[in-house]
Student: 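The structure is given below, and queries will be raised subsequently.
Because only heavy atoms are used, hydrogens play no part in the values below, and waters and symmetry mates are left out as well, while side chains stay in.
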Amino acid sequence: MEWELLGIILAGLGALYLWVFQIPYSLPHPLAVTGKRENRFDILRGFAMVGIVLIHIHSYFQFFHPADKLVIHTTLFFSNLSRFSVPLFILTSAIFLRKKEGYWISKIKNLLLPYTFASMIGYLLKYNNYHVWEFIQFYCLGKVFAPFYFVPLLVQFYILFYVFEKFLINKTFIKLILFLSFIINLASNLGFFDSILPDEYHSISILNYLFFFILGIKIGLSNEEKNKPKVKVSLLFGSLSLILIFLLVLFSAVYSLDFKNHHLVYPIFFFFVIWEVLPKFGQTTIHWISYIGNKSLFIFLLHPFVIHLMHSVDPYFFGGPFLGYLVTLILNVGIPILIAITIQKGKSLYRLRHSGELS
């Protein structure tokens, strides 16, 4: 709880800095050029997807080498550093969300069907005793694999948007809604709703991430502001980044704290920093991160299978802790991408063959 409050204090100091120096910093805009999609949001998904894998790599190393403090503190640092990932996915999912024809068809086809298939295979692979009711519970709560909770969480937000779309995209009310969502999210993070909500629901509670979803909608409604001063903003982000790195090292190496992934301040700070830093990345780096972002659904659904099977092999087998960490990361990102490429090429060949038969 105290880390959440510390984050709010730091955010307050940052806001005071902007106010004192009269810096008109605006929210990132969804359209860099009129009529074209801002690809930095897709690149952010690539960062978030790698972050999710890093969180689970820490658990993998901890499973085999809990006594190797230096290694575990290092993997914990990268895990805590990556705690922006789920909030960032929710935020970017809301930016371009619109209620239109085929709204649920696209959600079922592109999310629920792959999730259903992965959950069924995962349940058969991971568990020995099979029960239909248990599978239904695991499916609805996203418990087949640890990261699968994100899908029922996201579906709840899709339902919320579908029901209240006219209210949520109303520019007259959006600032008030954003403020209220912050208060609700903060209260949830501080545990005010824990005794009210069922224990099984805590992991997929939309109250833990409501602010990120509403902020995504707000960004989706924002407009580009030109001639924005950069120097003092960069100074602020640089200073806060150094403080943040120090705190992450302190919490990971000294206190061995495993952060929650729905603290309010850190994911938003990371989002703004990456938004400013991305133009400075080389084109090759941007291309690869964007490519990972485009394949994020495959990586998200398939990497739990990879790391589950890897629990039969000590990560140090791949060349020690350092190389083992890199190999584990490459395998958990690379294998799902290879499967995605194979499936997509198979679909393309099928379509070509089918169209040839028709002609």
Side-chain angles (χ1 to χ4, degrees), residues 43-86 88-89 118 121-122 125-126 144-148 241 244-259 261 270 274 277 281-343:
I43 297 170
L44 283 168
R45 285 176 172 266
F47 276 104
M49 193 63 252
V50 172
I52 288 175
V53 173
L54 292 181
I55 291 170
H56 300 138
I57 290 178
H58 167 64
S59 300
Y60 173 49
F61 273 70
Q62 195 171 39
F63 177 79
F64 278 98
H65 299 282
D68 196 340
K69 297 300 181 183
L70 178 61
V71 172
I72 296 305
H73 287 158
T74 303
T75 60
L76 179 59
F77 170 80
F78 286 111
S79 174
N80 285 334
L81 185 68
S82 303
R83 291 297 177 175
F84 64 89
S85 301
V86 171
L88 205 58
F89 262 117
I121 300 299
L125 175 68
K126 188 177 179 181
V144 173
F145 287 112
F148 278 14
S241 295
L244 179 65
I245 294 297
F246 169 77
L247 292 174
L248 284 173
V249 171
L250 180 67
F251 296 155
S252 302
V254 179
Y255 297 107
S256 297
L257 288 173
D258 201 343
F259 282 9
N261 57 7
F270 188 92
I274 290 298
V277 170
F281 277 73
Q283 287 301 313
T284 302
T285 303
I286 289 176
H287 171 77
W288 280 109
I289 297 173
S290 177
Y291 189 77
I292 291 172
N294 289 332
K295 297 291 186 290
S296 59
L297 180 63
F298 284 96
I299 300 171
F300 171 77
L301 291 176
L302 296 178
H303 92 269
F305 289 88
V306 177
I307 205 154
H308 174 71
L309 295 174
M310 288 182 70
H311 271 74
S312 61
V313 181
D314 188 323
Y316 288 10
F317 170 79
F318 298 107
F322 178 73
L323 282 178
Y325 194 88
L326 289 178
V327 170
T328 303
L329 175 61
I330 291 170
L331 290 177
N332 278 269
V333 174
I335 291 176
I337 288 179
L338 289 176
I339 294 174
I341 293 172
T342 302
I343 291 174

Student: So, for I55 and S82, which heavy atoms are closest and what is the spacing to 0.1 Å?
Tutor: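 Where I55 meets S82 most closely, the heavy atoms are CD1-O, 3.7 Å.
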
Student: Report, one line per pair, each donor and acceptor closer than 3.5 Å where one atom sits in a side chain of residues 58-76; sequence neighbours left out.
Tutor:
residue, atom, partner, partner atom, Å
H58, ND1, T75, OG1, 2.8
H58, ND1, L76, N, 3.4
Y60, OH, M310, O, 3.2
Y60, OH, V313, O, 2.6
H65, NE2, D314, OD1, 2.8
H65, NE2, D314, OD2, 3.1
D68, OD2, Y316, OH, 2.7
H73, ND1, K69, O, 3.3
H73, NE2, S256, OG, 3.2
T74, OG1, L70, O, 2.7
T75, OG1, V71, O, 3.4
T75, OG1, I72, O, 3.0

Student: Taking the side chain as every heavy atom from C-beta outward, state whether I57 and F78 have any atom pair closer than 4.5 Å.
Tutor: no

Student: Which heavy atom of F89 sits nearest a heavy atom of M49, and at what distance?
Tutor: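 In terms of heavy atoms, the two residues are closest at CE1-N, 3.8 Å.
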
Student: Measuring from I245:CD1 to L250:CG, what's the distance to the nearest 0.5 Å?
Tutor: 12.5 Å

Student: Do S296 side-chain atoms and G293 backbone N/O form a donor-acceptor pair below 3.5 Å?
Tutor: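 Yes; at least one donor-acceptor contact below 3.5 Å.
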
Student: Quick check: do F298 and I337 have side-chain heavy atoms less than 4.5 Å from each other?
Tutor: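 No - every pair of side-chain heavy atoms lies 4.5 Å or more apart.
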
Student: Say whether, by atom type as modelled, one donor and one acceptor occur between the side chain of T285 and the main chain of F281 under 3.5 angstrom.
Tutor: no

Student: For V50 and L329, run side-chain contact (heavy atoms from CB on, under 4.5 Å): C-alpha distance rounded to whole Å, both residues' side-chain angles, the deciding distance at 0.1 Å, then the answer.
Tutor: CA-CA 8 Å; V50 172; L329 175 61; 4.3 Å; yes

Student: Looking only at heavy atoms, what is the nearest atom pair of G122 and V144, with distance?
Tutor: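 So the minimum-distance heavy-atom pair works out to C-CG1, 3.6 Å.
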
Student: Tell me the closest heavy-atom pair linking L257 and N80, and the distance in Å.
Tutor: O-ND2, 2.8 Å

Student: If every non-hydrogen atom of L331 is compared with every non-hydrogen atom of V306, which pair is closest and at what distance?
Tutor: O-CG1, 4.1 Å

Student: Measure up the F300 and F148 rings against each other and bin them: parallel (under 30°), tilted (30 to 60°), perpendicular (over 60°).
Tutor: tilted

Student: How long is the straight-line distance from CD1 of I43 back to CZ of F47, given to the nearest 0.5 Å?
Tutor: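 Reported to 0.5 Å precision, the distance equals 8.0 Å.
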
Student: Could you go through the side-chain contact (heavy atoms from CB on, under 4.5 Å) check for L248 and F259 one step at a time?
Tutor: CA-CA 10 Å; L248 284 173; F259 282 9; 3.5 Å; yes

Student: Is there side-chain contact between I339 and L302, with at least one heavy-atom pair below 4.5 Å?
Tutor: yes

Student: Can you say whether the rings of F270 and F84 are parallel (under 30°), tilted (30 to 60°) or perpendicular (over 60°)?
Tutor: parallel

Student: Taking the side chain as everything from C-beta on, heavy atoms only, tell me whether H56 gets closer than 4.5 Å to N332.
Tutor: no

Student: Which distance, rounded to the nearest 0.5 Å, do you find between the CG of L247 and the OG of S252?
Tutor: 10.0 Å

Student: Is the closest side-chain heavy-atom distance between I292 and R45 below 4.5 Å?
Tutor: no

Student: Take I121 and K126 through the test side-chain contact (heavy atoms from CB on, under 4.5 Å) and record every step on the way to the result.
Tutor: CA-CA 9 Å; I121 300 299; K126 188 177 179 181; over 6 Å; no

Student: Check P147 against P304 and note the closest heavy-atom contact, atom names and distance.
Tutor: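 Shortest heavy-atom separation between P147 and P304 comes out as CG-CG, 3.6 Å.
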
Student: For F318, check ring-ring contact (aromatic ring centres under 6.0 Å, His included) against everything at least two apart and list the hits.
Tutor: none

